[in-house]
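Please read the structure below before turning to the comments.
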Amino acid sequence: MTKDLTNSDLDRKNILNNNIAIQEVYQQIGFFGFKHDGKFRFTKQQLAEYFEVDIRTIERIVENNRDEVVESGYEIYTGIKLKDFKDKIAEFVNRINEGIYVPDTNVGNMVQSFENELDSLSKTPQLAVFTYKSFLNVGMLLTGSEKAQILRSAILDIVIDVLNQKIGGKTKYINQREEEFLPSAIREYNYRQEFTNALDYYITENKFKYAQLTDKIYKSIFKENAKEYRQILKLSTKESVRSTMYSEILDLIAGYENGFSKYLKTEFERLGRKLGLSEAILLFTNYEQITEATLIPLREKARSLMASRDLAFRDALHEKLKEYVNEVSSDDYDKFLGDRSMDLEKRLEENKEVFKRLKDR
DNA sequence: GTAGCCTTGGCCGTCTTCCT
DNA sequence: AGGAAGACGGCCAAGGCTAC
């Protein structure tokens, strides 16, 4: 079976979590509902009409995907909440009928359908209410409806467009777009120096020692060595591996580099001589074991972030981290695509003064 | 071609909630 | 307490698609 929105909850969540793309979908798809409590709200009847399916079909989608639909905003209104909702609609419809407020056609149709329901609505003790997100969610799950298919393909187009617009189609350095990247990269750079210094001082001369121990760290954190990572992200030999890494990974690498440097130093002092490369590699395995308990949670998180983001943003699958692939959080979409995100170059420009100060220290 | 599967539509009974 | 209406889920038949 080919993977598409109707059968991949991961892809659905990745789209629904992408607030930047969803904003664009609002604009382009339309279908504005009645805004209540800060969100557009729709009834089951309205969804059925939009998708041109029976109410029972909408109900079945909800029935079979309850958790997901609830997460995207589906709700049952009862009691005071429902009363409030009904009052607001009645008021809204009245204002339009009195000509105080003139809606555009989109909203006009919506009002009409609310008005049609107003009679029965006034008596009902409970009402299923969808948000815009849960409306899209239902659209992603409806396999039969032609309208839903059109909606799905429109959503996908928009999601791709937004990604292209925001990062000009270049996802290679999307990791650099979040605020945390720069401080992490700087911190890591410093620890990297300590690390290479330590390898200089405490390990006998060997031109492979840097590469081998660096790969040890990479493998420990995300199971791939630099070469494998390079292949998966399609990096040329000139491009720096670290410049493509997310801040969380860089932080963790810095932790390893710092920790192992100290550990290596202690061993050097205990022995009173430099270590050979194979000794150092054994020592690293040892270091991995004694720090394992502390590092496992961080490592698990790093793997999950890296595997999930690379699949969603870079269309790159880390085969060895397959079981760590999860949805990308809406917070992540904001971080990498939203207002807080920025080209590294631009961020450097904005932080010029800060860097000047740092440099002068 | 057709058997089998999935989705949908339609019907129904039960549950929930609130109003009179 | 009784009634009214939507929510919910079971059931079955029709239609469409797929694999053999």
Side-chain angles (χ1 to χ4, degrees), chain A residues 1-16 25 29-97 106-157 159 327:
Chain A
M1 194 203 276
T2 56
K3 211 173 84 163
D4 66 40
L5 284 183
T6 61
N7 57 35
S8 166
D9 66 324
L10 181 65
D11 287 329
R12 287 197 299 275
K13 282 196 175 133
N14 270 343
I15 287 174
L16 292 172
V25 173
I29 307 279
F31 193 55
F32 304 110
F34 174 72
K35 204 164 195 176
H36 177 66
D37 219 2
K39 287 173 178 164
F40 291 121
R41 308 281 172 171
F42 309 89
T43 63
K44 215 186 278 175
Q45 181 64 45
Q46 288 170 334
L47 258 62
E49 279 167 22
Y50 182 93
F51 292 119
E52 291 164 4
V53 294
D54 198 89
I55 283 230
R56 185 69 189 84
T57 303
I58 305 289
E59 281 171 348
R60 210 185 328 261
I61 296 284
V62 174
E63 182 184 328
N64 296 333
N65 304 277
R66 187 82 196 189
D67 292 349
E68 182 180 325
V69 179
V70 166
E71 208 191 328
S72 61
Y74 175 85
E75 222 180 318
I76 310 290
Y77 278 1
T78 59
I80 189 80
K81 224 170 167 174
L82 177 62
K83 191 178 179 311
D84 190 37
F85 184 60
K86 286 190 285 197
D87 290 349
K88 290 270 169 57
I89 290 173
E91 189 189 318
F92 188 63
V93 170
N94 275 339
R95 274 200 317 188
I96 286 162
N97 288 341
N106 253 328
V107 180
N109 292 338
M110 197 54 62
V111 172
Q112 188 60 49
S113 81
F114 270 122
E115 208 171 1
N116 292 341
E117 288 187 73
L118 211 53
D119 277 342
S120 55
L121 222 54
S122 68
K123 285 180 213 150
T124 182
Q126 52 182 341
L127 188 69
V129 180
F130 295 80
T131 59
Y132 199 87
K133 254 187 206 186
S134 54
F135 150 66
L136 294 179
N137 201 163
V138 169
M140 293 181 196
L141 287 158
L142 267 170
T143 51
S145 160
E146 197 184 325
K147 293 276 271 186
Q149 273 176 35
I150 294 167
L151 178 67
R152 277 197 293 279
S153 93
I155 292 174
L156 288 170
D157 284 347
V159 167
E327 77 207 67

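In what follows, chains carry the letters A, B, and so on, assigned in the order in which the sequence lines appear, proteins first and then strands, with residues in each chain numbered from 1. Heavy atoms only: backbone and side chains are in, while hydrogens, waters and symmetry mates are out.
Counting only heavy atoms from C-beta outward, the side chains of Phe42(A) and Tyr132(A) approach each other to under 4.5 Å.
Backbone-only engagement by Tyr74(A) is indicated by non-hydrogen atom pairs under 4.0 Å involving sugar-phosphate atoms exclusively.
Without hydrogens or angle criteria, Arg12(A) side chain to Leu136(A) main chain gives no donor-acceptor distance under 3.5 Å. Counting only distance, with no hydrogens or angles, the side chain of Thr131(A) and the backbone of Ser134(A) share a donor-acceptor pair below 3.5 Å. Side-chain atoms of Thr57(A) do not come within 3.5 Å of backbone N or O of Ala48(A) as any donor-acceptor pair.
For Asn64(A), there are no side chain to side chain donor-acceptor pair (under 3.5 Å) partners, not counting sequence neighbours.
Around atom CD of Glu63(A), more than 12 heavy atoms belonging to other residues, nucleotides or ligands sit under 6.0 Å away.
The distance between atom CD1 of Ile58(A) and atom P of dT8(B), rounded to the nearest whole Å, is 9 Å. In this structure, Glu52(A) atom CD and dG9(B) atom C1' are separated by 15 Å, rounded to whole Å. Atom P of nucleotide dC8(C) and atom CG of Asn65(A) are separated by 13 Å, given to the nearest angstrom. Distance Glu146(A) CD to dT8(B) C1': 15 Å, rounded to the nearest Å. Here dA7(C) presents its P atom at 12 Å from CZ of Arg56(A), a figure rounded to the nearest Å. Distance CD1 (Ile61(A)) to C1' (dC8(C)): 15 Å, rounded to an integer number of Å. A straight line from CD of Glu59(A) to C1' of dT8(B) spans 13 Å, rounded to a whole angstrom. Distance, Ile76(A) CD1 to dT16(B) C1': 10 Å, rounded to whole Å.
End-to-end axis angle of the helix from dG1(B)-dC20(C) to dT20(B)-dA1(C), from C1' rotation axes over five pairs per end: 10° (rounded to 10 degrees).
The six-membered or imidazole ring of Phe135(A) lies near that of Tyr50(A), with a centre-to-centre distance under 6.0 Å.
Side-chain atoms of Gln126(A) stay outside donor-acceptor range of the base of dT17(B), with no qualifying N/O pair under 3.5 Å. In terms of polar N and O atoms assigned as donor or acceptor, the side chain of Arg60(A) never comes within less than 3.5 Å of the base of dG10(C) in a complementary pairing.
For Arg66(A) and dC8(C), the shortest distance from a side-chain N or O to OP1 or OP2 is below 4.0 Å. In terms of phosphate contacts, Lys44(A) brings no side-chain nitrogen or oxygen within less than 4.0 Å of OP1 or OP2 of dG6(C).
Residue Leu142(A) is the one, among Leu142(A) and Lys83(A), whose nearest nucleotide of DNA chain B lies closer to the 5' end (criterion: closest heavy atom). Nearest-nucleotide positions on DNA chain B for Leu141(A) and Thr78(A) put Leu141(A) closer to the 5' end.
Of the candidate nucleotides dG9(B), dA7(C), dG10(C), dA7(C) has the atom nearest to the side chain of Ala128(A).
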